Trainee: 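Let me begin by handing over the structure; questions about it come next.
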Protein chains: 2
Amino acid sequence: MTVRAGIVVTGTEVLTGRIQDLNGPWIADRLLELGVELAHITICGDRADDVEAQLCFLASEGVDLIITSGGLGPTADDLTVATVARFCGRELVLDTELEARIADILRGLMSRLPAGVDFEAVLAANRKQALVPVGAEILEPEGTAPGVVVDGNAEGKPVVIVLPGPPRELQPMWSRAIASAAAQRAIAGRTEYRQATVRMFGLAESGLAEALREAESHIPGFAGLEITTCLRRGELEIVTRYEPRDDAAYRALVDFLRERYPRELFSEDGALIDEQIAALLAGRTIATAESCTAGMLAARLADRAGSSAYLAGGVVSYSNEAKVDLLGVDAELIAAHGAVSEPVAIAMAQGALSRFGADTAVGITGIAGPGGGSDDKPVGTVCFSVALTGREPLTRTLRLPGNRSDVRERATTVAMHLLRRELLGLD
Amino acid sequence: MTVRAGIVVTGTEVLTGRIQDLNGPWIADRLLELGVELAHITICGDRADDVEAQLCFLASEGVDLIITSGGLGPTADDLTVATVARFCGRELVLDTELEARIADILRGLMSRLPAGVDFEAVLAANRKQALVPVGAEILEPEGTAPGVVVDGNAEGKPVVIVLPGPPRELQPMWSRAIASAAAQRAIAGRTEYRQATVRMFGLAESGLAEALREAESHIPGFAGLEITTCLRRGELEIVTRYEPRDDAAYRALVDFLRERYPRELFSEDGALIDEQIAALLAGRTIATAESCTAGMLAARLADRAGSSAYLAGGVVSYSNEAKVDLLGVDAELIAAHGAVSEPVAIAMAQGALSRFGADTAVGITGIAGPGGGSDDKPVGTVCFSVALTGREPLTRTLRLPGNRSDVRERATTVAMHLLRRELLGLD
């Protein structure tokens with residue numbers, strides 16, 4: 001049985017994009033783990049009519065569970081609990097015990113504030129946080145705002161979980177919310193799903209679409225696989241959701257993709273290229289020599305905790321003088337081939353090897369644009385060289401699409417993949 | 001007159017949080033600039049029924065304009081155009097001229113791909129992108145996917161602007177979309193607003209909230225200012241929306257903030273610190289010496305087109321050996337004070353000056369965590385030195401909050417602000 005859910009994110013600052021919504025994606029992940037299908041996320045400002053319209057929309061779509069985030073504070077524009085109560089046809093009542101517990105929390109917080117704040121005024125403002133819909137289950141606050149779970153089934157409505165907006169409050173309250181009797185009733189009997197991710201590089205999305213159409217006619221049980229594909233930073237992410245009984249079909253799909261694209265399929269277990277590179281660099285020392293990416297590769301290699309075990313450093317040789325002075329590239333080489341050329345990329349990587357005493361190095365030199373292109377070397381032309389001591393360097397020239405920022409980011413990703421191939425001894 | 005709009009973001013990868021939605025917030029900003037009120041953002045997966053349900057919901061809420069993003073690709077799960085056509089009661093027809101233009105684009109892209117890709121198969125997969133609703137205005141593609149604008153008014157529906165999902169395609173298509181006859185009809189007669197942005201650095205959001213409460217009681221016409229504040233990368237962004245008649249109140253607010261926070265207010269015209277630094281570096285040559293940020297500052301300085309005029313390069317000296325060998329930092333200095341210390345930051349910046357022959361340099365060394373902290377130098381401790389030839393260096397040590405990624409990004413921003421102060425000769 002499919003259990004469907006919807007998420008209502010409230011808050012004018014989120015709707016207008018001043019604050020990035022972190023709750024929708026976080027709750028989406030939790031629902032996925034639970035095997036609950038997320039149908040809709042809706043975002044609106046702090047207006048009761050808009051919040052109620054979204055609740056009605058989700059109910060009309062037949063979701064079993066609605067989760068709201070935000071609008072539980074003490075101020076006038078915090079109106080989610082009252083709106084959910086009206087939506088479910090419940091009265092709001094003052095829970096005096098909850099009010100006392102909130103007062104205790106506030107007393108603790110106030111002791112840290114400067115004197116002169118009127119405690120009674122604060123209590124009055126917070127009294128509305130102790131107003132709960134009749135019959136609701138209360139979720140004890142992490143900050144000062146309690147959540148509630150309202151089982152709207154008797155009124156022909158979904159179960160509604162009402163949570164506060166700040167992620168540091170919402171997240172610890174989630175497990176209690178989902179353990180509530182009403183939430184458990186809503187998600188009972190759901191089908192359990194598996195989800196698995198495969199990653200490819202160097203393949204167009206349309207090529208994959210074609211391959212998937214072919215797979216559809218070859219693989220028994222293919223219809224049971226819910227496949228979504230996504231192109232990100234030049235990589236294709238293929239996420240498949242399926243019931244355990246369709247495991248054989250999923251394995252057949254991965255076999256099919258591996259056989260069809262042995263070069264492009266680089267991750268069968270969902271691992272990112274960054275994780276693979278980190279593992280492959282164990283026991284090695286790497287240095288970078290970057291021109292157009294200007295430090296993006298070094299910064300990416302340093303993203304992971306513990307990267308100091310293998311990252312010696314790098315040179316950003318943006319000017320020709322820096323290539324000569326810092327990396328020992330021969331000025332005549334630059335004069336003969338141009339700064340963006342394979343001989344210069346090779347010399348940059350070799351310079352990084354020797355200057356940092358590393359055993360692994362990557363050289364990148366390219367034209368990120370918008371200026372600097374020519375007929376011979378248009379904007380997007382990037383030369384790469386991966387050098388491992390004791391081996392011939394791997395050198396490639398590519399023309400990368402997009403604007404300045406795209407070219408630089410894509411070049412960084414290409415460098416990661418060339419590095420992987422070389423460290424694995426492929427090609 | 002209030003014109004209301006809704007945004008429909010489609011894509012299973014966005015709904016499930018695997019990709020952060022950048023289009024909703026971006027379009028929200030554009031609508032704000034236009035004086036159009038955004039009522040709802042809704043997000044759903046690549047399911048025609050869910051997309052159509054959201055379109056119907058927004059129509060029932062009486063919005064004048066709907067903008068969709070995503071679902072315009074060549075694969076089977078890209079179904080937005082067909083769904084919008086059904087929603088507006090329009091047939092889909094093949095636009096053969098558009099098909100030819102898409103084929104031209106694909107031919108250009110294919111020439112960069114390895115041989116062996118079946119061009120005819122790609123064309124077939126992309127044919128569906130040339131299917132458009134009868135009577136729709138076509139928005140020429142930035143990638144391969146055209147957008148459309150459908151005026152649903154005759155059918156009692158809103159005007160619908162259909163845009164592709166990738167922000168680098170959606171954003172350049174926006175101005176053409178909003179200039180279309182149908183979109184102009186939808187937004188005609190709206191109240192015009194001004195929007196202005198002020199930026200501050202080194203001030204807590206609660207401090208600003210306090211100041212704004214004070215401003216409220218001092219400034220006549222303050223109530224006409226719609227102020228939203230947002231803390232981002234350690235900078236406070238204060239965006240104010242107001243009708244032209246409230247211009248004097250807005251100018252009074254900026255005067256108030258400048259007088260109250262002369263040090264923290266760094267931008268009165270909305271210019272980013274990056275733009276200010278680029279202008280201040282005109283005629284100069286800068287080099288970086290980075291440890292914990294590992295190239296992020298150099299990469300940020302290279303973000304802007306034309307940065308080669310002032311950026312010589314940088315050294316990522318992640319290891320102590322790199323600090324000594326590449327930047328000439330005295331090994332005994334590291335032994336005496338530790339790699340994360342002001343003397344080492346100063347020596348790194350001086351090394352960058354001399355190695356790159358630059359007149360401006362920044363040295364950064366810090367503990368990004370999660371490991372490596374001590375009682376004396378906890379995680380988040382970062383030492384900065386800004387060196388201009390012929391001046392005493394500006395040196396600071398800060399403790400930055402957050403996780404590894406936060407610390408590194410914040411350190412990069414702090415470096416930009418220290419550089420600005422030094423280039424302006426402040427302090």
Side-chain angles (χ1 to χ4, degrees), chain A residues 13 15-19 24-26 28-29 32 38-44 50 53-54 57 61 204-207 209-210 228-230 232 237 239 288 293-296 298-299 302 305 308 311-319 321-322 325-326 355-357 370-371 399 402-406, chain B residues 12-13 15-19 24-26 28-29 32 38-44 46 50 53-54 57 61 73-77 112-113 117 121-122 125-126 168 228 230 288 293-296 298-299 302 305 308 311-319 321-322 325-326 355-357 370-371 404:
Chain A
E13 70 287 1
L15 179 69
T16 55
R18 303 268 147 255
I19 283 198
W26 190 86
D29 265 350
L32 196 76
L38 174 60
H40 302 274
I41 297 177
T42 64
I43 309 173
C44 66
D50 291 344
Q54 295 192 345
F57 164 63
E61 285 295 295
E205 203 169 7
S206 55
E210 177 80 13
T228 57
T229 65
C230 171
R232 183 160 44 183
E237 183 182 72
V239 178
T288 59
T293 50
M296 292 171 74
S308 56
L311 178 61
V315 168
V316 176
S317 55
Y318 215 60
S319 65
E321 294 74 16
D325 297 344
L326 276 285
R355 297 289 165 111
F356 287 91
R399 288 190 191 165
N403 62 23
R404 180 178 178 84
S405 156
D406 296 332
Chain B
T12 302
E13 70 285 2
L15 179 70
T16 55
R18 273 180 287 114
I19 280 202
W26 190 87
D29 265 348
L32 196 75
L38 174 60
H40 302 275
I41 298 177
T42 64
I43 308 173
C44 65
D46 298 308
D50 291 344
Q54 295 191 345
F57 165 63
E61 285 294 294
T75 60
D77 61 358
R112 299 189 203 163
L113 289 179
V117 180
V122 171
N126 283 269
R168 69 172 180 283
T228 56
C230 173
T288 59
T293 49
M296 292 171 74
S308 55
L311 177 60
V315 168
V316 177
S317 55
Y318 215 59
S319 66
E321 294 74 15
D325 297 343
L326 275 286
R355 297 289 166 112
F356 286 90
R404 178 178 179 83

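Fair warning: this is a prediction, and the values are worked out from it, not measured in the lab. Labels below follow one simple rule: chain letters A, B, ... track the order of the sequence lines, proteins then strands, and each chain is numbered from 1.
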Trainee: Picking from B:Cys44, B:Gly371, B:Pro370, B:Ala312, which has the most non-hydrogen pairs under 4.5 angstrom with chain A?
Mentor: B:Ala312

Trainee: Checking B:Ser308 against chain A: side chain, backbone, both or neither under 4.5 Å from a heavy atom?
Mentor: both

Trainee: Under a 4.5 Å heavy-atom cutoff, which of B:Gly17, B:Ala299, B:Ala28 has the most pairs with chain A?
Mentor: B:Ala299

Trainee: Highest number of heavy-atom pairs under 4.5 Å with chain B: which of A:Leu32, A:Val316, A:Asn403?
Mentor: A:Val316

Trainee: Who among A:Pro25, A:Ala294, A:Ala209 has the most heavy-atom pairs with chain B under 4.5 Å?
Mentor: A:Ala294

Trainee: Do B:Leu38 and A:Thr16 come within less than 4.5 Å of each other through their side chains, counting heavy atoms only?
Mentor: no

Trainee: Calculate, to the nearest 0.5 Å, the distance between atoms CG and CG belonging to A:Leu326 and B:Leu326 respectively.
Mentor: 6.5 Å

Trainee: Roughly how far, to the nearest 0.5 Å, is the CG atom of A:Leu15 from the NE2 atom of B:His40?
Mentor: 9.0 Å

Trainee: Does any non-hydrogen side-chain atom of A:Arg355 lie less than 4.5 Å from one of B:Asp325?
Mentor: no

Trainee: Which one of A:Gly314, A:Ser319, A:Ser405, A:Gly313 has the most heavy-atom pairs closer than 4.5 Å to chain B?
Mentor: A:Gly314

Trainee: Is it the side chain or the backbone of A:Thr293 that comes within 4.5 Å of chain B heavy atoms, both, or neither?
Mentor: backbone

Trainee: Can you tell me how far apart CD1 (B:Ile43) and CD1 (A:Ile43) are? Round to the nearest 0.5 Å.
Mentor: 4.5 Å

Trainee: If you count heavy-atom pairs under 4.5 Å between each of B:Ala53, B:Ala322, B:Pro74, B:Ser317 and chain A, which one has the most?
Mentor: B:Ala53

Trainee: Checking A:Glu237 against chain B: side chain, backbone, both or neither under 4.5 Å from a heavy atom?
Mentor: side chain

Trainee: With rounding to the nearest 0.5 angstrom, report the OG1 to CD distance, A:Thr42 to B:Gln54.
Mentor: 8.0 Å

Trainee: B:Glu321 versus chain A, heavy atoms under 4.5 Å apart: side chain, backbone, both or neither?
Mentor: neither

Trainee: Do you know which of A:Ala305, A:Gly207, A:Gly24, A:Gly357 has the most heavy-atom pairs with chain B at a distance under 4.5 angstrom?
Mentor: A:Ala305

Trainee: Minimum heavy-atom separation for B:Glu13 and A:Cys230, please, with both atom names.
Mentor: CG-SG, 3.7 Å

Trainee: So which of A:Asp29, A:Val315, A:Asp50 has the biggest tally of heavy-atom pairs under 4.5 Å with chain B?
Mentor: A:Asp50

Trainee: Output all residues satisfying salt bridge (Lys or Arg N to Asp or Glu O under 4.0 Å) with A:Glu210, sequence neighbours left out; order by chain, then residue number.
Mentor: A:Arg213

